[in-house]
Amino acid sequence: MTSVERTMKALWSAWWQRWPRWVAWATMSWAVLYAGFGLACALTRTSLLHHGSESGSPGLGWAAVAVGASAALVSAAVLLYGLRPALRGLLWVACGLAGVTAFSLLMDVITLMLGQGVDSKASAANKALAAVGAVLLAATARSDRRPAGTAVRAPSAAPRRVQLTAWAGTLTFVPYPAMKLVWASGGTFAGITGEEMLAVSERNGASGIFLTLESWGLDPTALLAVLGVFLLWGLVRPWGQVFPRWTLFLRGRRVPRGLPLAPALLGAATLAPYGVVGVGYLVLATAGLVTMRRGDFHSSGDALLVGWIGMVAFAVYGIALAIAARSYWLRTRPEQAVTKTFPNGR
C-alpha cells in the first residue's frame, strides 16, 4: 500500500467515525429550516398543497412545523444520547412523513425539464425540502452501520423473479406512450383527436418546447417513458453497473451507484403510490360508486379508459422500479475483501 493510499484510508476512517455526528447535525439543521419554512407559510396563509388550479388548506404549513420541530428534537436527542432504538424508530417515522410530503416531486421535476412552470413555487419547495429531509433522516437512522467493505462486486444480473417484474413493468407501461404518440401524430384515441389534445395542452399552459415536440409528432412524456424503461432494465442487467461499449469514453468504467438509484427511488416513490391510489379510484368509478369527471374528454367513459391506461402503467411500473432498485442496491454493495491463508503462512 502506497503512502497516498494509506493517507486516503486514514482520512476515510476518520470521516466515517465522525459521520454519525455530522449527519445528525445536518438533519437537525434541515429540521429547523423546514420548521421555519412551514411557519412562514402558515403565517402568510400560503398553501403547500396544489393540484392544477386547486389548492389545499393554508393550515398545512403547521403540519410542516410539526414534522420539522419533531425531527429537530429527535436529532438533538441522537446527538446527546446516541442512536437509541426508540430514537431510531422515531427517525424512521419522521422519514416516512417527509417521504409522503415529497410525493409527486417527480412531476414537478418533469414539468421544469419541459420548460413549464410549476403549479405553486411554495408547494414545489415544500416537496424538495421534504425529499432532502427524508434522505437525511434515513441516513441518521442508519448512521451506526459500518460500511460493508471496499471490494467491488462483479457485475451481475438481477434474479429471475426481479427480471420478470421488470418485464411486467415494461409491458404495462407500453400502452401509455403508445396512446400519447397517437395523439402527437394527429390520430384519434378515446374520442379525442390530436388537434384537440394539442389545444388542451396550450390551454393548460404547456411550454414552447412541449408544443414544438408535439408538432413534430413527438410527445415529451412518451420520450420520458422510454427513458424510464431504459432505467428499469439498467437496474436489472449487468450493463447498468459498467458502462457499455457504446458510451465511448466511459465504456468499461463502473457506473456510480447513485446515478441510477437516485432517479429510480424518486420515480418509485412518486409513481407507485400515485398509480395504486389512482387504480383504487378507477375501480370505484368503474363500479359506479364514485363519479368519474370527464375533464377534457367528451365523456366519462373516455376519461375512464385513458385513466386505466395511465394508472395501471404508473402503478405496475412504479412497483417494478422499486423492486429493481432494491435488487440493484443489494447487488452493488461493496463486500469485505477475503484474504486467503495457506499452510506455512504463505
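On a predicted model such as this, the values are computed, not experimentally measured, just so you know. Sequence positions, counted from 1, serve as the residue numbers for this chain.
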All side-chain contact (heavy atoms from CB on, under 4.5 Å) counterparts of [X], not counting sequence neighbours:
X: Leu39; result: Leu43, Trp62, Val65
X: Arg257; result: Leu261, Trp329, Thr332, Arg333, Pro334
X: Ser185; result: none

To check you understand the geometry: which heavy-atom pair defines the closest contact between [X] and [Y], and what is its length?
X: Asp296; Y: Ile192; answer: O-CD1, 3.8 Å
X: Ser47; Y: Ala122; answer: O-CB, 4.2 Å
X: Gly275; Y: Ala315; answer: C-CB, 3.5 Å
X: Gly258; Y: Pro263; answer: O-CD, 4.1 Å
X: Leu136; Y: Ala26; answer: CD1-O, 3.9 Å
X: Met292; Y: Ala303; answer: CE-O, 3.6 Å

Can a side-chain donor-acceptor contact be found between [Y] and [X] if the only test is distance below 3.5 angstrom?
X: Asp302; Y: Ser299; result: yes
X: Arg161; Y: Thr165; result: no
X: Thr27; Y: Thr140; result: yes

Does [X] share a hydrophobic cluster with [Y], counting links as ILVMFWY side-chain heavy atoms below 4.5 Å and allowing steps through other members?
X: Met197; Y: Leu305; result: yes
X: Leu266; Y: Val316; result: yes
X: Val226; Y: Trp233; result: no
X: Val312; Y: Val283; result: yes
X: Met311; Y: Val276; result: yes

I'd like to check [X] versus [Y] (side-chain heavy atoms, cut-off strictly below 4.5 Å). Are they in contact?
X: Val290; Y: Tyr281; value: yes
X: Leu79; Y: Met28; value: yes
X: Tyr34; Y: Thr101; value: yes
X: Leu321; Y: Leu235; value: yes
X: Leu304; Y: Phe297; value: no
X: Arg237; Y: Pro155; value: no
X: Pro260; Y: Val255; value: yes

Rounded distance [0.5 Å steps], [atom1] in [X] versus [atom2] in [Y]:
X: Arg251; Y: Phe243; atom1: CZ; atom2: CZ; value: 13.5 Å
X: Leu232; Y: Trp167; atom1: CG; atom2: CH2; value: 10.5 Å
X: Leu83; Y: Leu91; atom1: CG; atom2: CG; value: 6.5 Å
X: Thr170; Y: Gln163; atom1: OG1; atom2: CD; value: 11.0 Å
X: Ser75; Y: Leu87; atom1: OG; atom2: CG; value: 9.5 Å

Short question: side chain of [X], backbone of [Y] - any donor-acceptor pair under 3.5 Å?
X: Thr46; Y: Ala42; answer: no
X: Arg88; Y: Ala141; answer: yes
X: Arg142; Y: Leu137; answer: no
X: Gln241; Y: Pro238; answer: no
X: Trp30; Y: Leu129; answer: yes
X: Thr188; Y: Gly191; answer: no
X: Ser300; Y: Arg293; answer: no

### Task
Compute the centroid of each ring, for Trp239 and then for Phe230, and state whether the two points are separated by less than 6.0 Å.
yes
### Tyr317 ring center near Tyr176 ring center (under 6.0 Å)
no
#### Entry: Over 12 foreign heavy atoms within 6.0 Å of CH2, Trp25
no
### Task
For the residue pair Tyr274 and Phe314, categorise the inter-ring angle as parallel (less than 30°), tilted (30 to 60°) or perpendicular (more than 60°).
tilted
### Task
Report the C-alpha distance between Arg254 and Val242 in whole Å, list the side-chain angles of each, state the deciding distance to 0.1 Å, and finish with yes or no for side-chain contact (heavy atoms from CB on, under 4.5 Å).
CA-CA 4 Å; Arg254 299 289 302 193; Val242 176; 4.0 Å; yes
### side-chain contact (heavy atoms from CB on, under 4.5 Å) evaluation trace for Val78 with Arg84
CA-CA 7 Å; Val78 171; Arg84 306 287 178 85; over 6 Å; no
